[in-house]
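Accompanying notes for the structure given below.
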Amino acid sequence: MWHRLRLLILLTSTLAMGCQTLASRSLVSRSPASIATRAPQARSPLLAPKKADQSGNSSDEQQYASKSAVKQAGWRPTATSQPAVTLAAHSQTDDAFALPAPIDSASDSRRTSAASHVQLADVISSVLTTYPMVQAAALQFEIAQGQIVSAEGAFDTKLKGSSENGPLGFYETYRQSVGAIQPLAYGGEIFGGYRVGRGVFQPWYQERQTNAGGEFKAGLSVPLSRNVSIDDRRAGVQKAGLDLSAADPQFRGEVILTVRAASEAYWQWVAAVAQQRIAEQVLALATTRNDGLEEEVRTGAKALPDLKDNRRSILSREAKLIDTQRKVAQSAAKLSIYLRTPDGEPRIAAIEEVPDFPKPDPPDEAWKTSLAQHAIQSRPELRDLDLAVDRIDVELAEAGNDLLPNVNAVFVGSQDIGEPTSSKRNKSPFELEAALLVDVPLQRRKAKGKLTSLEAKRSQLAQKRRLSEDKIRTDISVAFEAVRAAYERVQRTAEARDLSDYMAEVEREKFKAGESDLLKVALREEKAAESAAKAIESLLEYQLGLAHLRAASGIDNGSTIEWSPSTQPDRQSSRGNGVQTNVIRRSDDESFSVSLSRIKRHQ
């Protein structure tokens, strides 16, 4: 009797242990770790099993020892590596910066090839070719060209004509004339014409009468003092030319600001997708655990409050996922302002098109000075100030010209043709007149006051340029320090993420062994998710810092700054809509046509 009872108890306990083991295996098999097994490049670290080596050390411990050794050996990223940020723990590969993978990464429906990813170069190319504000800024060239044509109109040939008749009265007269005046490019003007005078003229207006064939006249006016080197007409053309030159820095300034804003929108979209995938993975852990807990509660291995608490965790993580989905949708909508179709329509980037974060390169301190020098040469604000000084110089030349007396030499020749209208034949010989005309205000206060004002404005511009140079150097320093700090933060947050992943896994193993509770597991997982989110935030901060550094350096096409301690910045000009290498330089003698060539106007 007692023997049969002991046998029944032993069978019952064995059956209970077997059910508990099956439940544990079911939990692991349905976890994201199994998903990671199907897709090794998209592992979830929050439930990835750790394999111990023969010495008893976990793979994470080996990994941290390896990373410490590499760090001590002075590791530097190579230019050919393609790193990317992930929630997964660091391995010996470059998976440390891979984008967190989607939960259903086993299927290829959400992971597309690199060629179909939306890259930053695609966004910048869209900005340069279809963004409305850039197109509007490019139209400034046409506006300035129209102003040049308008200013050159001061040198247009002027045609004059008149018909003056007195059919009634004692003196019956008929006078007709036509002529033209052509201003000269170097001051003065030439003129000529034809006139006919018929009738009976007053004795004091006998010069109005011509021979029967009329009179031809031509003359020349030459400035001898004022208006020799410059006059109102030439000054107007010079100012219009400076306005055309100023269109280039104005256009480039708009492009720089837009490219920076587009870069920020792009990386915020990439980071938002990464945060959503973190939320998906954290939710998947709780959901998978819930399936196992339900089985264990039914077998009596776990208490019902554990299941309820896990359900609470699921609801909390679902709420977090909803919030990240909202941010993804909002960031994609903001990106569509800059990412457009060839027709110029905003395009919402799909979540499948998100690329990996590139591996941050350590900034080289020696580049700070070189970037500042490049910025001084390239920033459009300084070029705009230089052109403002040139405009002041033109106005100073005008004011100096107004101080001079207006002295003009005039030569006029005339010849009547046809039958003489007077018996004296006084209209028939060729006539030549020479005159010297002088006109000058004695006080010349207008010109003197203008000179004083313009000289003060020129000094103002010199001080503004000096301050602008100081601000540019400060902008470079601030942006550089932000990039440097972001790079250091990336390293720290990546390592902190690994430690959090390791501790979360340890806590899960303890929970399965009955040595921990669900609250501790949830807290560890929350810490792991928080660490992963901070790792992504640091990568976002690094890319935003680079965008600000490019803008501060005056790079207007989104070229990538590559840190290379063994080389100096490339000083050669490099243009294009794609991603270039090294810092680009814009020579001072480049004309606005370079900027126009980079714009494809939407028809």
Legend entry - Value rounded to 0.5 Å, distance of OH in Tyr487 from CD in Glu541: 14.5 Å
Inset, instruction - Mind checking the CG-CD spacing from Leu544 to Gln268? Nearest 0.5 Å is all I need. - result: 6.0 Å
Inset, instruction - Output all residues satisfying side-chain hydrogen bond (donor to acceptor under 3.5 Å, both in side chains) with Arg379, sequence neighbours left out; order by chain, then residue number. - result: Glu381
Legend entry - SB check Lys320 Glu280 (cutoff 4.0 Å): no
Legend entry - Residues forming a side-chain hydrogen bond (donor to acceptor under 3.5 Å, both in side chains) with Arg484, sequence neighbours excluded: Glu481
Legend entry - Beyond-backbone contact of Tyr542 with Phe357, side-chain heavy atoms, under 4.5 angstrom: no
Legend entry - Where Ala372 and Arg473 come nearest, the two heavy atoms and their spacing: CB-CG, 4.4 Å
Legend entry - Sub-4.5 Å side-chain heavy-atom contact between Gln275 and Ile278: yes
Inset, instruction - Enter the distance from Leu339:CG to Ser126:OG here, rounded to the nearest 0.5 Å. - result: 5.5 Å
Legend entry - Under-4.0 Å salt bridge between Asp323 and Lys327: yes
Legend entry - Exam field: side chain Glu353 to backbone Ala350, donor-acceptor pair closer than 3.5 Å: yes
Legend entry - Nearest heavy atoms of Ser553 and Leu371, plus distance in Å: OG-CD2, 3.7 Å
Legend entry - Smallest separation among heavy atoms of Ser538 and Thr493, with atom names: OG-OG1, 2.9 Å
Legend entry - Close side-chain approach of Arg252 and Asp248, heavy atoms under 4.5 Å: yes
Legend entry - Closest non-hydrogen atom pair, Ala504 against Ala528: CB-CB, 4.2 Å
Legend entry - Glu537 side chain near Arg489 side chain, heavy-atom distance below 4.5 Å: yes
Legend entry - Glu526 and Arg317 ion-paired at < 4.0 Å: yes
Legend entry - Glu469 vs Leu382 side-chain heavy atoms within contact, under 4.5 Å: yes
Legend entry - Pair Arg347-Val118, side chain to side chain contact (heavy atoms under 4.5 Å, CB included): steps then yes or no: CA-CA 11 Å; Arg347 182 171 82 85; Val118 175; 3.5 Å; yes
Legend entry - Test item: Ile124 and Tyr266 side chains (from C-beta on) under 4.5 Å apart, heavy atoms: no
Inset, instruction - Step by step, work out the side chain to side chain contact (heavy atoms under 4.5 Å, CB included) result for Gln135 and Leu139. - result: CA-CA 6 Å; Gln135 300 298 310; Leu139 292 175; 5.9 Å; no
Legend entry - N/O donor-acceptor pair under 3.5 Å between Ser125 side chain and Ala121 backbone: no
Legend entry - Ser331: side-chain hydrogen bond (donor to acceptor under 3.5 Å, both in side chains) partners, not counting sequence neighbours: none
Legend entry - Inter-residue atom distance Leu540.CG - Trp267.CH2, 0.5 Å rounding: 9.5 Å
Legend entry - Counterpart residues, side-chain hydrogen bond (donor to acceptor under 3.5 Å, both in side chains), relative to Arg340 (two or more places apart): none
Legend entry - Separation of Ile472 CD1 from Ile476 CD1 (nearest 0.5 Å): 8.0 Å
Inset, instruction - List the atom of Arg550, the atom of Ser263, and the distance in Å for their closest heavy-atom pair. - result: NH2-OG, 4.1 Å
Legend entry - Non-neighbouring partners of Thr258 that pass side-chain contact (heavy atoms from CB on, under 4.5 Å), sequence neighbours left out: Val127, Tyr131, Val134, Glu254, Tyr338
Legend entry - Backbone of Ala333 reached by a side-chain donor or acceptor of Ser336 within 3.5 Å: yes
Inset, instruction - Please examine the side chains of Val270 and Pro355, heavy atoms only from C-beta on, and report whether any two atoms are closer than 4.5 Å. - result: yes
Legend entry - Main-chain N/O of Arg312 paired with Ser316 side-chain donor or acceptor, under 3.5 Å: no
Legend entry - Atom of Pro249, atom of Pro380 and distance for their closest heavy-atom approach: O-CB, 3.2 Å
Legend entry - Sidechain N-carboxylate O distance under 4.0 Å for Lys368, Glu365: yes
Inset, instruction - Give me the one residue out of Gln276, His117, Arg277 that meets side-chain contact (heavy atoms from CB on, under 4.5 Å) with Val354. - result: Arg277
Inset, instruction - For Arg326 and Gln330, test the side chains for any donor-to-acceptor distance below 3.5 angstrom and give the result as yes or no. - result: yes
Legend entry - Heavy-atom side-chain contact between Ile256 and Ile555 under 4.5 Å: no
Legend entry - Spacing of Leu549 atom CG and Phe480 atom CZ [to the nearest 0.5 Å]: 8.0 Å
Legend entry - Pairs satisfying salt bridge (charged side-chain N to carboxylate O under 4.0 Å, His left out), at least one member in residues 256-270, at least two apart: none
